[in-house]
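Following: one structure in structure tokens, then a few remarks.
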Amino acid sequence: MKQIIFATYLVLAGLASAQNGSSNACNVTTQYLADPPYDNYFYSDCNVDAQVVVTSPLSSSNLSIIGPRVVVAWPAGNSGIAVFFAPQNGPNGTLAIELVNSTIGEPLSVYTNTDSNNDFPYVGVQGVLSFNSSAMLTVAILGSVRTIRDFTEGPSLLRPAIQDAINVTQYNNSGASYGRMWLDNTTESYFNLVPFENDNGTIAMNAQDRNVSFGAGFYHFEAYFNYPQLQQLTSQEVLNNASQGLIEQQPSQTTSLSFLSYSEKLLAGAWRFLTYFGRDSMISALLLEPVLSTGNASAMEAVIGAVLERINRTDGSVCHEETIGDYATYLNMQNNITGDNATAAIFTYPMIDTDYFLPILMDVYFSRYPDRIDPLLSTEAGLIDTTNENLTYAELALFNAQKIVNITTPFVDNQTVENLIHLKPSEVVGQWRDSTYGLGNGRIPFDVNCALVPAALRAISRLSQLGGIYPNTSSGTSVLTNYSNWASFAQESAITWEENTLSFFELNLTVSEASSRVNNFVNTATFYDGPTNNASLSTNSNDANGTITFYAIALNGSMSALEDDDLDTYSEPIPIMHTDTAFHLFLLNSTNTSSTAYAREHTRFLNSTANTILRAFPAGLVTPSGMVVANPALSNSDVLIANFTNSAYHGTVIWSWQLALMAEGLHRQLAVCNSSSSFTPAYCEDAYVYNATRAAYNVLWDNIEQNEAQLQSEVWSWTYDGNSEASNSTDSFTTVPLGSLPPPPGVSGGTESNVRQLWSLTFLAVRRDAEYA
Ligand SMILES: *[C@@H]1O[C@H](CO)[C@@H](O)[C@H](O)[C@H]1NC(C)=O
Ligand SMILES: *[C@@H]1O[C@H](CO)[C@@H](O)[C@H](O)[C@H]1NC(C)=O
Ligand SMILES: *[C@@H]1O[C@H](CO)[C@@H](O)[C@H](O)[C@H]1NC(C)=O
Ligand SMILES: *[C@@H]1O[C@H](CO)[C@@H](O)[C@H](O)[C@H]1NC(C)=O
Ligand SMILES: *[C@@H]1O[C@H](CO)[C@@H](O)[C@H](O)[C@H]1NC(C)=O
Ligand SMILES: *[C@@H]1O[C@H](CO)[C@@H](O)[C@H](O)[C@H]1NC(C)=O
Ligand SMILES: *[C@@H]1O[C@H](CO)[C@@H](O)[C@H](O)[C@H]1NC(C)=O
Ligand SMILES: *[C@@H]1O[C@H](CO)[C@@H](O)[C@H](O)[C@H]1NC(C)=O
Ligand SMILES: *[C@@H]1O[C@H](CO)[C@@H](O)[C@H](O)[C@H]1NC(C)=O
Ligand SMILES: *[C@@H]1O[C@H](CO)[C@@H](O)[C@H](O)[C@H]1NC(C)=O
Ligand SMILES: *[C@@H]1O[C@H](CO)[C@@H](O)[C@H](O)[C@H]1NC(C)=O
Ligand SMILES: *[C@@H]1O[C@H](CO)[C@@H](O)[C@H](O)[C@H]1NC(C)=O
């Protein structure tokens with residue numbers, strides 16, 4: 001099987017501390033991650049945190065997409081610089097570039113210069129670039145990573161308001177400097193290039209066209225800006241005391257976790273998402289919680305604090321993504337926002353799942369550390385989101401809880417499909433499967449309704465019993481202000497949601513119908529023509545009658561169906577097998593119910609989830625390359641089969657954190673049966689279902705261990721070649737990067753993946769439990 005190899009080396013506690021060993025030394029941490037054709041270099045010290053990505057085309061590269069390029073990305077302001085090179089004479093592919101060790105750095109060192117025109121010194125990185133032939137610097141983008149992404153991911157978009165401010169000037173006699181004043185009229189970014197030990201090194205400038213040309217050889221580059229920096233949490237600071245050993249056991253992952261962790265927030269991914277994302281940081285915190293630091297200035301409080309700080313005070317929504325730095329000023333300018341607000345950060349709220357993760361995470365944290373309630377929640381908001389001035393984190397947490405109580409109460413009163421939680425009317429996405437076809441056009445997602453809502457309501461109930469979180473006096477009789485009643489009201493609401501939602505999504509097929517649908521999938525799909533694995537449908541079905549039970553990824557929920565009064569179409573389940581069942585296993589624990597009807601339903605659900613793991617793809621979810629997050633094989637729909645492909649972002653592809661969530665979800669369900677709690681859920685005593693769950697746990701872990709080389713990347717895929725020389729079907733699967741496959745029809749492709757993603761580091765905390773072997 002072809003593997004995606006990540007070569008790594010690490011240099012920890014570098015030069016300065018080695019020299020004087022003092023505890024206030026400016027410690028240097030560097031990390032190298034090879035991800036051909038991308039070379040990633042991370043550099044952090046007390047002045048700056050930076051990632052440098054050097055791209056040099058390989059002989060196998062698609063030269064219309066991959067060209068010689070250097071990206072420098074800084075978490076501070078989500079800022080960056082990208083410079084694109086081309087061969088001076090010669091076709092694409094002939095110019096190779098490389099970052100090399102030198103007296104300047106190995107390969108990077110810090111750049112600092114306090115001679116700045118504003119309050120902040122110039123900080124950045126420097127090093128030596130090697131060019132194998134004469135070259136041109138054709139395009140430079142200086143400012144925000146978002147501006148760079150508009151160029152690399154959009155249709156080569158360059159914004160005149162940003163590009164026209166670049167000056168190209170002579171620098172240090174023989175060198176050239178690209179400088180740009182940001183739209184804030186205060187911050188400047190610079191990229192300088194000077195011949196280094198290079199006889200051929202003459203730089204010819206064309207200031208008008210903003211390009212420079214130069215001979216082969218070595219060049220010293222400097223990349224820097226003057227903007228307030230974030231405070232990184234070191235590996236020691238990001239992990240709790242019990243987990244410090246991980247620093248030596250998993251140096252690469254803990255160094256990456258530290259690079260993505262700051263006192264103010266955790267970042268979603270490097271280099272494209274070096275900024276706040278609500279869902280990513282909270283899911284990561286929930287999975288990593290056993291190893292993360294707690295208390296003042298800890299990783300857990302960085303996550304919870306960042307979310308509270310960015311809540312919409314008007315409606316209690318949790319922020320999905322922030323826009324900061326130069327790109328915020330750019331967007332404000334487009335919206336004619338001037339004066340004091342011209343450089344204000346922008347916070348967006350398009351998602352419907354993110355609100356619920358907050359009380360769930362607060363409950364996990366404050367239940368264990370009640371002494372942290374007051375210090376964290378008495379924090380004054382407004383430092384980052386200035387519109388939240390004059391509020392405390394406690395008030396913002398209350399607004400969020402009120403929103404949840406408000407929008408979940410109609411279903412408590414009347415359990416209709418209309419009262420389930422829908423995507424926002426103006427959005428086509430709203431939960432983690434946030435690509436256009438991620439939910440198969442469904443608008444009422446499984447994860448939000450069957451798992452996140454009841455889990456959040458239970459959390460609100462427990463938080464109101466902890467005290468010090470929500471007000472202890474009721475003001476008025478509305479459920480939204482009758483806080484003293486929340487402990488029982490939210491608990492009752494949670495039970496109503498938990499016990500009455502799975503049935504909307506449940507689908508049942510006979511084995512013969514399921515077999516014929518899988519056959520149809522194999523005959524129709526353009527990306528798979530291997531065995532159906534239909535025999536497993538008989539052995540891993542839900543009951544003795546051979547019922548195949550699975551749960552829709554979403555319900556249709558489209559307004560047009562409702563307007564036509566066509567409730568059947570409106571409530572139509574989208575028949576995609578999926579891994580969002582893991583949210584239910586991970587977040588809900590059926591010891592909380594006394595209903596025998598629900599106990600039966602929950603047992604059926606657990607059995608079905610285990611069976612979709614025990615059945616090999618395409619009859620189930622598990623391929624030799626990993627468990628796919630969605631599978632259209634039981635859909636009988638050409639449209640779904642054409643869209644949920646092995647090249648769709650949320651199609652038949654593998655996501656690292658979903659593997660961790662499912663593994664830990666199954667583990668929690670098994671652990672309940674071993675616990676000394678007075679109530680034992682029904683499935684614990686159903687040997688068939690308990691054993692299926694335990695077998696699924698082990699099948700999944702065997703599969704995770706087989707795919708260890710991939711686990712730290714965000715998402716990956718596979719190809720199938722039934723004619724390969726290998727005779728068995730396992731060897732016919734090849735693990736491939738998602739970006740290497742042509743995208744499905746109608747979807748723009750070529751999305752570069754992040755070498756490190758926060759939620760792909762969760763196997764630091766999620767481990768196989770030998771007790772269930
Ligand atoms: C620098 O590293 C040393 C050795 O790991 C550590 O003792 C010291 O506290 C660090 N200093 C700072 C300022 O982080
Ligand atoms: C050469 O590279 C440039 C920049 O990467 C690209 O725009 C162009 O399409 C490439 N030309 C060919 C023939 O691949
Ligand atoms: C560059 O220096 C680093 C740190 O000393 C070292 O680990 C690395 O192997 C060197 N790279 C090359 C290509 O020599
Ligand atoms: C660019 O050039 C203009 C005109 O000479 C000057 O006003 C501006 O300060 C320069 N900007 C930078 C960043 O050097
Ligand atoms: C920056 O200066 C320009 C020109 O004077 C002005 O139009 C713009 O409003 C200023 N921008 C900000 C954010 O102050
Ligand atoms: C100068 O250029 C020549 C021809 O391109 C090359 O062979 C030589 O290695 C270069 N010298 C340096 C110092 O890069
Ligand atoms: C905050 O919520 C209100 C009410 O839903 C909405 O009108 C407003 O646009 C939201 N704020 C932002 C910044 O999206
Ligand atoms: C901003 O102002 C310009 C000029 O007055 C106008 O054409 C444009 O529609 C405005 N944009 C927005 C988003 O209001
Ligand atoms: C800045 O934005 C805030 C919040 O939206 C608003 O209350 C205030 O009036 C704005 N200030 C200016 C000068 O436009
Ligand atoms: C916060 O209070 C101060 C003082 O009353 C006031 O000037 C400011 O506008 C308030 N900020 C917001 C965002 O309401
Ligand atoms: C939720 O808020 C809406 C709008 O403010 C209000 O009309 C409704 O009565 C509230 N629902 C509950 C259950 O309080
Ligand atoms: C529940 O909703 C349905 C459909 O909208 C309606 O027919 C029924 O009367 C409602 N029941 C109650 C108790 O409100």
Side-chain angles (χ1 to χ4, degrees), residues 37-38 53-71 82-97 131 133 135-141 148 151-161 183 209 211 213 312-317 323 328-339 341-342 344 346 352 355 398-416 418-422 424-425 453 456-457 460 470 474-483 485-486 489-490 492-494 496-497 749-750 752:
Y38 307 104
V53 190
V54 178
T55 312
S56 193
L58 307 171
S59 56
S60 58
S61 295
N62 175 347
L63 296 174
S64 64
I65 303 173
I66 305 292
R69 183 192 80 181
V70 175
V71 170
V83 285
F84 298 81
F85 299 96
Q88 233 180 76
N89 326 291
N92 284 358
T94 55
L95 175 65
I97 63 173
F131 295 81
S133 73
M136 277 175 81
L137 194 169
T138 54
V139 177
I141 302 172
I148 298 170
F151 182 73
T152 56
E153 293 164 33
S156 297
L157 223 52
L158 287 175
R159 312 210 175 268
L183 295 168
D209 294 341
N211 65 41
S213 19
N312 181 335
R313 68 188 295 163
T314 310
D315 68 2
S317 297
T323 303
T329 314
Y330 173 74
L331 290 185
N332 289 333
M333 206 172 85
Q334 303 305 302
N335 290 315
N336 300 327
I337 296 171
T338 54
N341 293 334
I346 297 162
I352 60 164
D355 299 334
L398 176 64
F399 298 159
N400 167 254
Q402 283 176 316
K403 174 182 182 181
I404 292 172
V405 170
N406 178 291
I407 65 177
T408 58
T409 297
F411 185 82
V412 174
D413 295 340
N414 192 355
Q415 292 90 53
T416 64
E418 298 96 317
N419 287 339
L420 290 170
I421 305 295
H422 296 52
K424 294 190 174 178
V453 168
L457 287 168
I460 289 169
Y470 307 129
S474 296
S475 57
T477 53
S478 144
V479 291
L480 299 189
T481 50
N482 200 359
Y483 317 115
N485 199 29
W486 276 9
F489 177 76
E492 294 300 313
S493 300
T496 304
W497 274 89
E752 186 176 330

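Each ligand, and each atom within it, is numbered from 1 in the order the structure gives.
A heavy-atom distance below 4.5 Å is not found between the side chains of V405 and Y483. Between N400 and D355 there is a side-chain heavy-atom pair separated by less than 4.5 Å. Residues N341 and N332 have side chains not in contact (no heavy-atom distance under 4.5 Å, counting atoms from C-beta outward).
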Audit row: I66, Y38, side-chain contact (heavy atoms from CB on, under 4.5 Å) steps and yes/no: CA-CA 10 Å; I66 305 292; Y38 307 104; 3.5 Å; yes
Run the numbers on D315 and S317 for side chain to side chain donor-acceptor pair (under 3.5 Å), then give the verdict. CA-CA 6 Å; D315 68 2; S317 297; 2.9 Å; yes
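Nearest to atom 13 (C) of ligand 2 by heavy-atom distance, out of L95, N92, V139, is N92.
In terms of protein heavy-atom proximity, atom 10 (C) of ligand 11 is closest to N406 ND2, 2.4 Å. Atom 14 (O) of ligand 8 has N336 ND2, 3.2 Å as its closest protein atom, hydrogens excluded (heavy atom only). Nearest protein heavy-atom contact of atom 7 (O) of ligand 2 is S64 O, 4.9 Å.
With Y470 as reference, W486 is the one residue of W486, F489, F399 to meet the ring pair (Phe, Tyr, Trp, His ring centres under 6.0 Å) rule.
Atoms of ligand 11 lying under 4.0 Å from at least one heavy atom of L480, given by number and element, are 14 (O).
Every N/O-N/O distance between N335 and ligand 8 stays at or above 3.5 Å.
Atom 2 (O) of ligand 2 is flagged as protein-proximal [any protein heavy atom, distance under 4.0 Å].
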